[in-house]
Structure formats: C-alpha cells, structure tokens
J.: 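Pasting a structure here, questions to come.
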There are 2 protein chains.
Amino acid sequence: MTGIGKTTRQRGRDVAEGLATAIHEHRLSPGMKLNEDEVGEIFGVSRTIVRSALQSLSHEQLVVIEPNRGAFVARPSVREAREVFEARALLEPRTAHSAAIRTTARDIALLRGHIDEEHAAIDAGDHGRALRLSGDFHNEIARIANQATIAAFIGQLVARSSLIIALYWRRRQATCESHAHHALLDALEAQDADRAEDLMKSHLVDLVSLLDLTEPADAPSSLKEALGPR
Amino acid sequence: MTGIGKTTRQRGRDVAEGLATAIHEHRLSPGMKLNEDEVGEIFGVSRTIVRSALQSLSHEQLVVIEPNRGAFVARPSVREAREVFEARALLEPRTAHSAAIRTTARDIALLRGHIDEEHAAIDAGDHGRALRLSGDFHNEIARIANQATIAAFIGQLVARSSLIIALYWRRRQATCESHAHHALLDALEAQDADRAEDLMKSHLVDLVSLLDLTEPADAPSSLKEALGPR
DNA sequence: TTGCGATGGATTGTATACAATAATAGCCTC
DNA sequence: GAGGCTATTATTGTATACAATCCATCGCAA
C-alpha cells in the first residue's frame with residue numbers, strides 16, 4: 001500500500017528516512033561521519049541523491065554539514081538540548097489538549113497498538129526500536145490534534161530529542177516512561193483535555209529530569225574526562 | 001563583515017535567500033513557476049545549486065515541488081493559513097514575554113531602527129520592503145528571546161505569513177500595523193513582560209482579522225468569481 | 001466544433017566527470 | 001625521536017551530459 005520502492009518517486013526521501021530511522025534507533029550515534037559514497041552504496045543511489053537527503057536532514061538539524069568536510073550526525077549541545085525541550089514544553093501540552101478533544105476511537109486503538117509495540121520491543125531488548133516508538137507516540141498525538149504545521153515542528157523536536165537522549169541520558173535503563181504514556185492515553189480516551197495537557201506537561205518535565213544537562217559534553221572539559229577510565 | 005559573495009562558501013544559501021527575499025517582498029507571487037534554468041541564469045549558478053536552493057525553500061514550505069513538474073512559489077490554503085497563525089499565536093506571545101525580560105538598550109535601538117526603516121519604506125511607497133521589514137520585526141523579537149530553536153520556527157511562520165498576506169489580505173491598504181509594533185517596543189523597553197505578551201497576542205489576532213479566510217481561494221468557487229469584474 | 005491521439009519541444013531527475021578542498025602519510029631537518 | 005613541511009590520497013563542491021517525464025501543438029476523425 002505504501003508503494004514499492006522501485007517506483008519513480010524521489011528516492012532522496014527514502015534515503016533521508018532510512019538515515020533518520022537509524023538515528024532514532026540509535027544505530028547512528030551523534031558525531032558519526034556520513035560519507036556520501038558509503039551512504040550511496042548502501043542505499044544503491046548516486047551521490048546526488050545522498051546529498052539531497054543529507055541536506056534535508058541538516059535542515060531538520062539531525063545532521064550537521066561542515067563545508068568541505070562533510071556531513072555528521074548532529075551532536076546537540078546542552079544548550080540546544082534545553083532549547084528543544086523548552087520548545088516542546090511550549091507546543092506539546094496545548095497540542096495534547098487539542099488532541100483530547102478530537103480523539104476518536106480509532107485513534108485510541110492506534111495509540112494503544114503503539115504502546116503495545118513499545119512494550120514488545122522493550123521485552124525483546126530492542127531499546128532502539130522502543131525509543132523510536134516512544135517518539136512516534138508523541139508524533140501521533142500531534143497528528144490527532146490536526147494541526148499539520150505544529151505537528152511538523154513537534155516531529156522535528158522529537159527527532160532531535162532522540163539525539164539528545166543518546167547523548168545525555170543518565171542511566172542505561174530502558175525507557176521507563178510507559179506509565180506516562182498510558183496515563184496520557186487514558187486522558188485522551190476520556191477526552192479530558194485539561195488532564196491531557198497537564199499530563200503532557202509533567203511528562204516532559206520528567207523526561208528532562210532524566211537527562212544530565214550539567215556537563216558541556218561538546219568538548220570534554222578536561223583531559224582526564226576525555227581519556228580516563230570510562 | 002558578512003562576507004563578500006565571491007567566497008567559496010555554499011552559494012545555494014545565497015540563491016535561497018535571494019528567492020526568499022523576493023517572496024517576502026511580494027516580487028514573487030504565490031503559484032509562480034520557478035524554472036531551474038531561469039533561476040540559475042539570474043543568479044549565475046548551475047542547476048545543481050538552484051536545485052539545492054529550491055529544496056531548501058520547499059522544506060520551509062515557501063516553495064512546493066511537484067515531482068517532474070517543477071518548483072512553484074507556495075500557495076497556502078485557507079486551512080494552512082489558519083494553522084500558521086495558530087502556531088504563531090502559540091509561540092510568539094510567550095516569546096515576546098521572554099524577550100521583554102532579556103531586552104537590552106542595544107536591542108531597543110535596533111528595533112527602533114527597524115520601525116523607522118519600515119516607515120520610510122511605506123512613505124516611499126515600497127510596500128514590499130515595508131512588509132519584509134515588518135516580518136523582520138517579529139524575527140528580531142524572537143532572536144532577543146534567545147531561544148534559537150523557537151526563533152527558527154517563528155522565522156518559518158513569518159515567512160509563510162508573507163505568502164498568506166499576499167493571498168488573503170483584504171484591502172490594498174498598506175501595513176497599518178505600525179502602531180502595534182510601537183506599543184510592543186514600548187513594552188519591551190519597559191521590560192514589562194506580561195504586557196508584551198498580551199500585546200503580541202492581540203497583535204496576531206488583529207493580523208488574522210485583516211485576512212479574508214472565508215473563501216477556499218485554491219480554486220475559485222465559481223466562474224463568476226474567477227472571471228467577474230475585479 | 002469537439003474530442004482523442006500522436007509527435008516534438010521543453011523541463012526535470014539522475015548519474016557521472018572534473019575541480020577544489022581537506023586529511024593523511026612520508027620525508028627531511030634538527 | 002619530535003616537529004614541521006611537502007606530496008599524495010580521499011572526499012566534497014560544482015557543472016554538465018544523458019535519460020525520463022511532462023506539456024503543447026498539431027492532425028485527424030466523428
């Protein structure tokens with residue numbers, strides 16, 4: 001239904017999506033070099049297409065292009081990390097509010113499926129996949145709110161959050177946030193917009209509190225930190 | 001200071017900016033075809049660069065790329081128009097609040113200069129330039145708020161607003177919104193964050209009220225409307 | 001006149017070739 | 001052996017050539 005890949009439509013999109021998914025699932029780590037020839041060979045396209053995909057990703061700040069040096073998976077600074085979550089705090093609660101009002105039974109079923117998949121992934125030990133699904137949950141809510149423009153912004157922020165989590169997550173422990181998602185789902189199902197808004201707000205606060213945003217991490221502040229026993 | 005154009009840095013950015021400015025100033029109208037060869041000849045670059053610029057603009061939704069048909073200046077639908085201003089209503093008031101707290105004397109001077117330039121442009125009958133400067137005013141406030149992520153979103157929304165105004169502005173009359181900008185400037189100077197927030201909110205409401213968002217306008221709903229006496 | 005189909009021209013999509021720049025390795029000097 | 005300079009290699013930036021697609025014109029028949 002989603003179209004077989006052999007069709008003539010723009011393959012740059014496919015490459016960009018492939019790379020984005022890999023980033024979401026933490027298979028590509030922040031700072032990693034994205035060689036144009038290599039990527040092209042992997043996806044079976046020429047550098048022209050790869051270049052287009054990388055530019056696209058750089059526009060949503062998943063990738064940083066350094067002139068004449070190439071493309072790298074972005075390494076959001078502590079400051080950027082804060083900004084991303086402040087933006088999310090500004091957008092997502094109100095969006096959850098709108099979503100609660102418009103939620104249909106079909107949406108609920110879809111979201112429930114999402115959460116189930118997420119659990120399955122965690123049980124299977126596939127943390128990358130679990131993380132991606134967790135992000136998708138937020139994107140789904142934005143979609144339900146039926147405001148494409150805001151949803152697009154949230155999509156970008158969720159994607160960048162994935163990089164931020166890769167860099168600044170405190171514990172190795174998997175996503176323990178399923179409870180928050182469950183509670184949100186309940187509020188949406190009850191169409192309790194105010195509760196959904198509050199839950200989203202505190203969910204985001206919780207998320208940030210699980211990050212360690214004290215260290216610069218862009219450049220190690222000391223040699224010992226950079227080379228010492230990890 | 002800003003680098004002479006002959007340097008080796010990516011010229012795609014220059015082309016994109018050139019086109020964006022033309023769109024902001026309403027020299028390029030919604031729906032207009034952007035032929036790759038033509039644009040390339042105008043800016044003195046090859047299609048490769050033009051293509052990159054067009055993709056960039058399409059990502060911020062100033063341009064729509066139809067596969068195998070080419071790039072066109074975007075024609076936001078009524079629905080998109082509403083969404084853009086709802087997003088602005090969500091982001092900009094709080095941003096004005098933050099900006100008011102952080103405003104410095106230097107910022108005030110800069111904004112005042114902006115407003116003056118705007119007036120000068122209006123007096124000179126250069127509505128396009130006035131409109132662009134009016135948008136820049138909003139961007140400046142976002143910059144002062146010192147949240148690059150949100151500022152980038154606002155930048156996009158302001159740019160799209162320019163297209164929306166081109167399509168749905170009720171009167172021929174020029175921007176009569178200078179008063180709102182003046183009032184905002186005063187609030188910022190007084191560092192009265194709450195007032196700045198309220199002023200921004202009502203300013204945006206006023207802006208929307210000056211738009212005619214009742215008609216589809218994507219396709220004229222009747223022949224009479226399309227061909228009748230204008 | 002109206003509708004359909006074919007042909008030619010123009011425009012976009014993609015790959016590739018070449019030029020420019022940065023990274024690497026080797027050599028020489030001290 | 002350490003440090004710096006040069007040459008080589010690898011990678012990116014840009015232009016161009018070719019293929020695929022679309023659009024317009026024309027012709028023809030009903």
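A, B, ... follow the sequence lines: proteins, then strands. Residue 1 opens every chain.
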J.: Rounding to a whole Å, what distance do you find between Phe72(B):CZ and dC23(D):C1'?
T.: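 In whole Å, dC23(D) C1' and Phe72(B) CZ are 11 Å from each other.
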J.: Just to confirm, is there a sub-4.0 Å distance from OP1 or OP2 of dT14(C) to any side-chain nitrogen or oxygen of Thr48(A)?
T.: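 No.
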J.: Whole Å only: how far is the CD1 atom of Ile65(A) from the P atom of dT11(D)?
T.: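 These atoms are roughly 17 Å apart.
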J.: If a pair satisfies salt bridge (Lys or Arg N to Asp or Glu O under 4.0 Å) and one of its residues is in residues 139-148 of chain B, list it, with sequence neighbours excluded.
T.: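 Checked against salt bridge (Lys or Arg N to Asp or Glu O under 4.0 Å) - neighbours excluded - the pairs reaching residues 139-148 of chain B are Asp107(B)-Arg143(B), Glu140(B)-Arg143(B).
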J.: What is the distance, rounded to the nearest whole Å, between atom CG of Asp14(B) and atom P of dT14(D)?
T.: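 After rounding, the gap between these two atoms is 10 Å.
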J.: Please confirm whether the shortest side-chain N or O distance from Arg69(A) to OP1 or OP2 of dA23(C) is below 4.0 Å.
T.: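 Checking dA23(C) against Arg69(A), a side-chain N or O does come within under 4.0 Å of OP1 or OP2.
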J.: Would you please name every residue forming a salt bridge (charged side-chain N to carboxylate O under 4.0 Å, His left out) with Arg129(B), sequence neighbours left out?
T.: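 Expected list: Glu117(B).
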J.: Given atom CD of Glu38(A) and atom C1' of dT12(D), what is their separation to the nearest angstrom?
T.: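 Going from CD in Glu38(A) over to C1' in dT12(D) covers 14 Å.
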J.: dT11(D) C1' sits how many Å from Leu34(A) CG, rounded?
T.: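 Taking atom C1' of dT11(D) as the reference, CG of Leu34(A) is at 14 Å.
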J.: Please give, in whole Å, the distance from dA22(C) P to Glu36(A) CD?
T.: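 It works out to 15 Å between those atoms.
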J.: Rounding to an integer number of Å, can you tell me how far Asn68(B) CG sits from dA10(C) C1'?
T.: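 To the nearest whole Å, that distance equals 13 Å.
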J.: Establish, with yes or no, whether the OP1 or OP2 oxygen of dT12(C) is under 4.0 angstrom from a side-chain nitrogen or oxygen of Lys33(B).
T.: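 Result: yes.
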J.: In this structure, how many angstroms lie between the C1' atom of dG9(C) and the CG atom of Asp37(B), rounded?
T.: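 Atom-to-atom, Asp37(B) to dG9(C), this comes out as 14 Å.
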J.: Please verify the inter-ring angle class for His181(B) with Phe137(B); under 30° counts as parallel, over 60° as perpendicular, anything in between as tilted.
T.: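 Rings of His181(B) and Phe137(B): parallel, as their planes differ by under 30°.
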J.: Hey, does the side chain of Asn35(B) come within less than 4.0 Å of dT11(C)'s phosphate (OP1/OP2), counting only N and O?
T.: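 It does, given that an N or O in the side chain of Asn35(B) lies less than 4.0 Å from OP1 or OP2 of dT11(C).
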J.: Does the distance from a Lys or Arg side-chain N to an Asp or Glu carboxylate O, for Asp116(A) and Arg112(A), drop under 4.0 Å?
T.: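 No, this pair does not count.
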J.: Out of dT14(C), dT12(D), dA22(C), which has the shortest distance to the side chain of Arg11(A)?
T.: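 The listed nucleotide nearest to Arg11(A)'s side chain is dT14(C).
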